[in-house]
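In what follows, every chain begins at residue 1, and chains take the letters A, B, ... in the order their sequences are listed.
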Number of protein chains: 2
Amino acid sequence: MELLDSEGVEGFSMRRLAARLRAGTMSLYSYVETREDVLDLALDAVMGEIALEDEDDVDWRAALTRRIEQSRQVMHRHVWITTLIGTRPLIGPASLARSDRFYATLARAGLPPLELNAAVNTLFAYVHGFVAAENVWRSTVTDPEHEAELRRQVRRHVLAHADRYPALAREADMTDGDADGGFRRGLDIILDGIEARLAA
Amino acid sequence: MELLDSEGVEGFSMRRLAARLRAGTMSLYSYVETREDVLDLALDAVMGEIALEDEDDVDWRAALTRRIEQSRQVMHRHVWITTLIGTRPLIGPASLARSDRFYATLARAGLPPLELNAAVNTLFAYVHGFVAAENVWRSTVTDPEHEAELRRQVRRHVLAHADRYPALAREADMTDGDADGGFRRGLDIILDGIEARLAA
DNA sequence: CCCACCCTTCGTACGCCGTACGGAAACACC
DNA sequence: GGTGTTTCCGTACGGCGTACGAAGGGTGGG
């Protein structure tokens, strides 16, 4: 995971991993069948970092919010995770444990079984999708100056073709720096929708 | 895109692309700087397929629903797209055009500017996240028998460790085959949340 | 004390990849 | 026909994942 954190998925190779472990490359294959297996394990290890926290709040909304914001933090710590999520199913033990926590909280809140699946899937899709966009941006831009430059570039393109993107040119706030607030607002939208579906 | 559709991102190589075009490998580099550029173009091309539809319904909810379900369909047609989305920013012309449509619809519906960004981001995160999970599953399983087998396997693991996954063992419907319905339900959750935020 | 066995470690090699470099071929113009 | 230019691509380099099998060290029996 240190190697993944510092080099990303595409910079992660069996040779480099072996070098960092002071081992021959092929020695790794006594513990693991393919490189893909290593990535499977790394993915589940991150999910394990998320599943840790345990105590279930009285307020289901507070509990979910906390858990989800913690998911986002962990996924920021390991930027590569979002590209792995789009590549392999989340069926490791730690991934299932994480699912379990969400199911438990929502079931206890009184969500009918039919809606349960949908709610959990929606929350997961939201976190994964949102953080994926964030992480892509983070790993595309290299430094703050580059970031500002890229933003200006997009903004200029939009304004130069205001006929093609009328609404964007009029409404969009390209300078939006408040990612945390944006995440929270989207989460509240979803939680409101869920709340409306609690057993009447 | 034909090559990507049939071989996926990791099976897509400059050599294979050149072969399919009856050209030398290095000839490609007169039109494109790196392989990454080709993938950028492919991503934006898919976004172009989504942006196509134009007429804006009277009912903003119907319009958004239609556009989003069409997004999902297109992303099913090109399974590789979800892995690309987690890799590169959505700032090509077609991607911006797609964003523009969503901004336009929601602004016209009367969503206050502050919520506008959050709503669009939430909708995108949801579609991308949801379809990513679907596509991962689709490309992991090879045939219906394999799919059923894998589902049984996960279910068995959960039941065998019911102490670790109490809620999953109790509540989760592993056999859930109704992906379309689930997607629709999650979308309705979000749209309800957005509706609650329309200018009072 | 020696030998036979097994298990872990890893050196070598193969076929793939992206792409830098520079030569060959085709074409345009005088 | 000659000359400059543009398009095309053959070759080669360094990296990758991993199959194969040899080397080395530890363990037990005689």
### Message
In this structure, how many angstroms lie between the P atom of D:dG17 and the CG atom of A:D37, rounded?
### Response
13 Å

### Message
Does D:dC9 have its OP1 or OP2 closer than 4.0 Å to a side-chain nitrogen or oxygen of B:S27?
### Response
yes

### Task
Answer yes or no: are there more than 12 heavy-atom neighbours, outside B:E2 itself, under 6.0 Å from its atom CD?
no

### Task
Let me know the distance between CE of B:M26 and C1' of C:dC17, rounded to the nearest Å.
13 Å

### Query
Would you say D:dT7 has OP1 or OP2 under 4.0 Å from some side-chain N or O of B:S30?
no

### Summary
B:R16 atom CZ is separated from C:dG15 atom C1', nearest whole Å, by 13 Å

### Query
Within a strict 4.5 Å, meaning less than it, do heavy atoms of the A:L106 and A:L64 side chains meet?
yes

### Query
Roughly how many Å is it from CZ in A:F12 to C1' in D:dG17, rounded to a whole number?
12 Å

#### Entry: Value in whole Å for how far the C1' atom of D:dG10 lies from OH of B:Y29
15 Å

### Query
Taking OP1 and OP2 of D:dT7, is either one under 4.0 Å from a side-chain nitrogen or oxygen of B:Y31?
no

### Task
Quick one: label B:T34 by what it contacts on the DNA or RNA (base, sugar-phosphate, nothing), any heavy atom closer than 4.0 Å.
sugar-phosphate

### Task
Measure up the A:H128 and A:F124 rings against each other and bin them: parallel (under 30°), tilted (30 to 60°), perpendicular (over 60°).
parallel

### Message
Check this for me: does the side-chain of A:R15 come within 3.5 Å of the base of D:dG15 through a donor and an acceptor?
### Response
no

### Summary
Whole-Å distance, B:E10 CD to D:dC16 C1', equals 15 Å

### Task
With the side chain of B:S13 defined as its heavy atoms from C-beta on, choose the nearest nucleotide among C:dA20, C:dC17, D:dA19.
C:dC17

### Message
Is it the case that the ring center of B:F130 lies less than 6.0 angstrom away from the ring center of B:F183?
### Response
yes

### Task
Would you mind reporting whether A:W80 and A:L39 have side-chain heavy atoms less than 4.5 Å apart?
no

### Task
Could you state the atom-to-atom distance from CZ of B:R22 to P of D:dC9 in whole Å?
13 Å

### Task
Remember a base hit wins even if backbone is also touched, and classify B:A18 as base, sugar-phosphate or nothing at under 4.0 Å, heavy atoms.
nothing

### Query
Just how far, in rounded Å, is C1' of C:dG18 from CG of B:L39?
12 Å

#### Entry: Residue mapping more 5' on DNA chain C - nearest nucleotide basis, A:T25 or B:M14
A:T25

